[in-house]
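These notes concern the structure reproduced below.
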Amino acid sequence: MRRKLQFPQGTALNEPLGPEWLEFRRSVEYGEDKGKKSEQELKDEEMDLFTKYYSEWKGGRKNTNEFYKTIPRFYYRLPAEDEVLLQKLREESRAVFLQRKSRELLDNEELQNLWFLLDKHQIPPMIGEEAMINYENFLKVGEKAGPKCKQFFTAKVFAKLLHTDSYGRVSIMQFFNYVMRKVWLHQTRIGLSLYDVAGQGYLRESDLENYILELIPTLPQLDGLEKSFYSFYVCTAVRKFFFFLDPLRTGKIKIQDILACSFLDDLLELRDEELSKESQETNWFSAPSALRVYGQYLNLDKDHNGMLSKEELSRYGTATMTNVFLDRVFQECLTYDGEMDYKTYLDFVLALENRKEPAALQYIFKLLDIENKGYLNVFSLNYFFRAIQELMKIHGQDPVSFQDVKDEIFDMVKPKDPLKISLQDLINSNQGDTVTTILIDLNGFWTYENREALVANDNENSADLDDT
């Protein structure tokens, strides 16, 4: 009976083996040594020979795997809370790194010099009041502007700014604004990174609060704020960032996301000492806007305990939201002994004031999805609209048929599934604000139901004004 030889996994069977191994195999296969050696001795000799040749085979392939030794380290363990020295070392090294990056940016003097060089190398004729520059002079300015500007003077940047000029030139002002924007983005990223305690590219709520608190003295439009209001202002400002940029409520947002959205632009717009009243009213971060939101909260808080009950919140806006919807708000949102604090109230306000935005629709959709199925069906629509019908009776109005409203909603949204409306369906339809308003607010439903008459009245009023 022949013995079956076992090879370890990964051994190539077509590899040439030494003569000793082949001789040993023949002796085992045909029993040539069976009378001379015991079974255990044969096993030991087999293992010795196999180990010898397998080691030689593995060593022969060592050079082919040398590149594995050059793979850079990609994971660095963060220091634990009790490793104070390592934490301090990490903070200092990050600070030095950010300082170095800051020194690589163009300062005001270098930007002025760049503008002087661009203006000196402009190529006539001008287009309107805009000076232009061709590619040849563009490269000349790049050589004279210094090493910090090298990254901006590339063919790719020139082509990006090149539009319809028949002479193949770009606007000096557009290019300079491009450079300014890049420098500003890098400066802002470095500034935000200084507050990134974890050093992982994101800010926690407390990190962003510290950033905005230290930013307040640099914003002239906030000079009139009392210091006692600072904490409420910071809370109001931070909530907008987290409401829209942290939809999964992880408690942190990426610095890249902060830079990519327009919120930081709105916040830093408050540096403009001559900002118009209209701009201040539409800017969430302005002092009038923050005082308006906080003032509404105080007015709703009738018992002055610093929290809002369902009854107090029911007076929000036109005081026509349904009790069914308010019940859902207090079921799903964070409350304390059944009452809402200012931070939760801010989320509520941001959702209702920005109903066209996906984050706001996500907030409201979660409240409407009473069965937590991820979609709205006829049952859930009827559940909320029944409360609208009851309010209509209370106010002496004839209730509208749910069947008609349901058909209108499905016609507006056009969901993929004709019986279910998903969050994505609402977002894609661009009618999410109208649908949610119909279901939660009597005044909103009345406005929708009488939209044609309201438009006609507006047109008549406009005609009367024109006649006068």
Discussion item. As a quick check of understanding, evaluate side chain to side chain donor-acceptor pair (under 3.5 Å) for Gln221 and Asn283, giving each step before the final call.
Written reply: CA-CA 11 Å; Gln221 287 295 335; Asn283 189 330; over 6 Å; no
For a quick test of reading the model, state the closest non-hydrogen atom pair linking [X] to [Y] and the distance between them.
X      : Y      : result
Asp303 : Glu339 : OD2-OE2, 4.2 Å
His121 : Ile133 : O-CG1, 3.6 Å
Pro79  : Leu86  : CB-CB, 3.8 Å
Leu426 : Val413 : CD2-CG2, 4.0 Å
Phe242 : Leu208 : CE1-CD2, 3.8 Å
Lys240 : Leu350 : CA-CD1, 3.8 Å

Side-chain contact test, heavy atoms from C-beta onward, threshold under 4.5 Å: evaluate it for [X] versus [Y] and give yes or no.
X      : Y      : value
Leu376 : Lys420 : no
Ile216 : Val234 : yes
Ile427 : Gln424 : yes
Leu326 : Met321 : yes
Val329 : Lys310 : no
Leu268 : Arg271 : yes
Ile440 : Leu368 : yes
Gln200 : Leu78  : yes

Quick one: does any side-chain atom of [X] pair with a main-chain N or O of [Y] as donor and acceptor, under 3.5 Å?
X      : Y      : value
Arg94  : Glu91  : no
Ser314 : Glu311 : yes
Asn377 : Ser380 : yes
Ser286 : Gln280 : yes
Asp369 : Phe365 : no
Ser279 : Leu275 : no
Glu110 : Asp107 : yes
Thr344 : Leu334 : yes
Asp266 : Phe263 : no
Arg328 : Leu367 : yes

Mind telling me whether [Y] and [X] have parallel, tilted or perpendicular rings, with 30° and 60° as the class edges?
X      : Y      : result
Tyr233 : Phe229 : tilted
Tyr297 : Tyr345 : tilted
Phe232 : Tyr342 : perpendicular

Item to complete: Go through the steps for Asp207 and Arg204 under the test salt bridge (charged side-chain N to carboxylate O under 4.0 Å, His left out), then give the verdict.
Response: CA-CA 5 Å; Asp207 300 331; Arg204 301 169 303 175; 3.2 Å; yes
Donor + acceptor pair across side chains of [X], [Y] (<3.5 Å):
X      : Y      : result
Gln122 : Asp119 : yes
Thr434 : Thr437 : no
Asp48  : Thr51  : no
Asp44  : Gln40  : yes
Gln256 : Tyr202 : no

Worksheet item: What about the rings of Phe285 and Phe241, do their centers lie closer together than 6.0 Å?
Response: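 Yes; Phe241 has its ring centre under 6.0 Å from that of Phe285.
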Fill in: Single hit among Phe158, Tyr178, Tyr135, Phe175 for ring pair (Phe, Tyr, Trp, His ring centres under 6.0 Å) with Phe153
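Option passing the ring pair (Phe, Tyr, Trp, His ring centres under 6.0 Å) with Phe153: Phe175.
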Distance (rounded to the nearest 0.5 Å) between [X] [atom1] and [Y] [atom2]:
X      : Y      : atom1 : atom2 : answer
Glu281 : Ser289 : CD    : OG    : 9.5 Å
Gln99  : Lys101 : CD    : NZ    : 14.0 Å
Glu92  : Lys88  : CD    : NZ    : 8.0 Å
Phe348 : Ile364 : CZ    : CD1   : 8.5 Å

Worksheet entry | From CA spacing to verdict: side chain to side chain donor-acceptor pair (under 3.5 Å), Gln87, Arg90 | CA-CA 5 Å; Gln87 285 185 342; Arg90 192 165 185 273; over 6 Å; no
So with a 6.0 Å cut-off around [atom1] of [X], is the heavy-atom count from everything else above 12?
X      : atom1 : value
Gln331 : CD    : yes
Glu332 : CD    : yes
Tyr230 : OH    : yes
Asn108 : CG    : no

Quick one: do [X] and [Y] make a salt bridge, cutoff under 4.0 Å?
X      : Y      : answer
Lys254 : Asp196 : no
Glu104 : Lys148 : no
Arg77  : Glu83  : yes

Worksheet entry | Residues Phe244, Asn354; criterion side-chain contact (heavy atoms from CB on, under 4.5 Å); working and verdict | CA-CA 10 Å; Phe244 289 102; Asn354 300 274; 3.9 Å; yes
Item to complete: Give the C-alpha distance, both sets of side-chain angles, the deciding distance and a yes or no for salt bridge (charged side-chain N to carboxylate O under 4.0 Å, His left out) between Glu353 and Arg292.
Response: CA-CA 13 Å; Glu353 290 189 358; Arg292 171 185 64 83; 3.2 Å; yes
Worksheet item: salt bridge (charged side-chain N to carboxylate O under 4.0 Å, His left out) between Arg239 and Asp246: does it pass, once the steps are laid out?
Response: CA-CA 10 Å; Arg239 281 324 298 161; Asp246 183 28; over 6 Å; no
Worksheet item: Can Asp301 and Glu312 be said to form a side-chain contact (heavy atoms from CB on, under 4.5 Å), step by step?
Response: CA-CA 6 Å; Asp301 182 20; Glu312 289 171 331; 3.7 Å; yes
Item to complete: Tell me, with the steps shown, if Ser193 and Ile255 meet side-chain contact (heavy atoms from CB on, under 4.5 Å).
Response: CA-CA 8 Å; Ser193 297; Ile255 291 176; 3.8 Å; yes
Practice prompt. Let me see the working for Ile172 and Glu130 under side-chain contact (heavy atoms from CB on, under 4.5 Å), right down to the final yes or no.
Written response: CA-CA 7 Å; Ile172 287 176; Glu130 287 200 35; over 6 Å; no
